[in-house]
Amino acid sequence: MHHIRDVAVLAAILVPVFTAARAQSPEAPPDTMAERVLACAPCHGAQGEGTRDPYFPRLAGKPAGYLANQVIAFRNGRRHYPPMNYLLEFLPPDYLKEMAEYFASLNPPLPPPATPAVGEDVLNLGKTLVTQGDAARNIPACVSCHGPSLTGMEPGIPGLLGLRPNYISAQLGAWRYGTRTALAPDCMQIVAGHLTEADVTAITAWLSSRPAPENRRSVPKGTYALPFACGSQPQ
Amino acid sequence: MTRKLIPSLRAAAALALALLPGAALAQNGAAPKSNGDLIAKGEYLARAGDCIACHTAPEGRTFAGGRHMPTPFGTLFTSNITPDPETGIGKWTADQFYGMMHTGRSPDGGLLYPAMPFGSYTKVTRADSDAIYAFLMSVPPVRQPNRPHDLKFPYNNRQLILGWRTLFFREGEFKPDPNQSAEWNRGAYLVEGLGHCGMCHTPINALGGNSESQAFQGGLIPMQNWYAPSLTSNREAGVGDWTIEEISDLLRTGVSRRGAVYGPMAEVTYNSLQYLTPEDTRAMAVYLKSLGQEPPSPATSTVPRAESSLLLSLGKTVYDQHCAACHGAQGQGKPPHYPPLAGNQSIQMSSAVNPIRMVLNGGYPPGTAGNPRPYGMPPFAQTLSDNEVAAVVTYIRTSWGNRGAAVAAAEANQLRSAPLD
């Protein structure tokens, strides 16, 4: 009998709580993209500006086509990072493109440049590879595709500034080892295949220590000609 | 068949069922008038069976197979079901296709591994099997040889399947229950047959079999480390106190006023359930609601009382800082986009695997025709410590009238390495 009474008392306590929770008319979340991409904020920042974590890249202001290629590659498992693959797996491509356009439209300030932890000669090698390449080793200059001010070109070529050294070297390493791939012809994999580990260190150090350019927007499609065909940038 | 015809055909089918228990269960009950109708019906039924989810590899050609399926016994590779005569099923007849669906044997008599849900598909009617066959014969053939399975000894011996079949396989088409409505029977046919819901929602034992006596009682999905809730317990996903609309919304759009689909269920809504008619998801809802009968059993915790009170106070701090903006200070949510946590069964189940994983991994409900631009939850694996995860999950499991049990930091820690793909 006690048991039954206890249950009745418990029910008397619980039922009003449930009813109260249901009776409130809960508000709807704002009908904005900013609200819809809140799931990205802990790793990429509320404005896509990046966070203190050195491995999570800035998204803001990268060309929409580049960002769309990346989110679709994560969705399909071509680009492999399980937390991203999981988050995007069941989102329709049109919606992912909308997210890409949203982050492309943001323009928060770039972070202060990193202080390079390498010697002058390494920095100089980095500067040479980025601005001139090394024709003898079939290494084109980064600027020949990513632009003279390294801010990228619409729609598919990302800017290279505002990224942290760990992220740059991890991505160059992934291209070199073939764990990061893109649509054929996969120009970045070909280029990175010609780099040594010392080259990666040098490029990383120089790129991440560049100050922010005055205009950090990507230049429009066709502003300059690419030195070779690239699957991510339809000509 | 056009959408307009469906209501009158449904009425005719319902009448046929009411008069003749055991008559055809097909919602599109009348025999298709042309081959085009048959193919369209088959395409719809193939969606209901979610064939594409397993028989299409990531970035692969549709239905050409080759998707790897990790199992506790090794890796299986799904087969090519396009009509290519050499590498697909182009040489199969409709009889042979039905034989495979119904008995789990390929045309040469070979035994299928039960990763192919023939234990459920055996319930599919001959007419529906023929429609699916006609549809598959109409898709573009893809020449892609099947990749051999990579199973560990002794599971690479197909004779073992005989033993499995003896224990777990019951051959036979779905038998309608004459005491239930046509809608209930249609729902039962879809849930138990093509929907193969029991593959995840019925506990799997060490032999990889589903036990009939525990049908729809829930269980941890092997290799994925998500808990498929019981469909019979109202403490879990039992939907006895949900409205039919809420259940149907959840299945077809991925969100509802009571909760959202997540984890492996997001795949099911994305690839399969969103394509079903509202009438069919409603029928499934009617059937599922009727399953929720088991009386609640109290949740028990292994966490000492002193520890759980500490967890609670830390949990409230974490909740107010990270969760309340979306889920509300009282766990009321902003449904359907931010699910309510108060009274949410998914959070109070005896297994705390799912709420812990939601906090660690976050997630988006699937983008569907009914909810094409879903809102998402951030992953907190990088921001919260094991203690904070355990604390906030303990807090939401025990606040606002929720009656779940406290969880320990060690449980949160273990699930950090759960697979995400």
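Chain letters run A, B, ... following the sequence lines, proteins first and then strands; every chain starts at 1. Here the structure is a predicted model, which is why all the values come from computation and not from measurement.
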* **Donor-acceptor contact below 3.5 Å, side chain T201(A) vs main chain E197(A)** => yes
* Portion of N85(A) that has a non-hydrogen atom of chain B nearer than 4.5 angstrom -> neither
* Proximal component of Y338(B), with respect to chain A [non-hydrogen, under 4.5 Å] -> side chain
* In terms of heavy-atom pairs under 4.5 Å with chain A, which of N361(B), T383(B), N271(B) leads? -> N361(B)
* Taking Y86(A) for its side chain and G362(B) for its backbone only, find out whether a donor-acceptor pair lies under 3.5 Å. => yes
* Asked: Just by modelled atom types, is the G376(B) backbone N or O under 3.5 Å from a matching donor or acceptor in the R36(A) side chain?
  -> no
* Against chain A, work out which of G363(B), P365(B), P336(B), P340(B) has the most heavy-atom pairs shorter than 4.5 Å and name it. => G363(B)
* Asked: Counting N and O atoms only, with roles assigned by atom type, does the side chain of R252(B) sit under 3.5 Å from a partner on the main chain of Q274(B), one being a donor and the other an acceptor?
  -> no
* Among G77(A), A41(A), P42(A), single out the residue with the greatest number of heavy-atom pairs under 4.5 Å to chain B. => P42(A)
* Side-chain donor or acceptor of E246(B) paired with backbone N/O of R257(B) under 3.5 Å -> no
* To do: Among the options P378(B), G328(B), G331(B), P379(B), pick out the one with the most heavy-atom pairs lying under 4.5 Å from chain A.
  => P378(B)
* Structure fact -> Okay, P372(B) and chain A: the region with an atom under 4.5 Å from a heavy atom over there is backbone
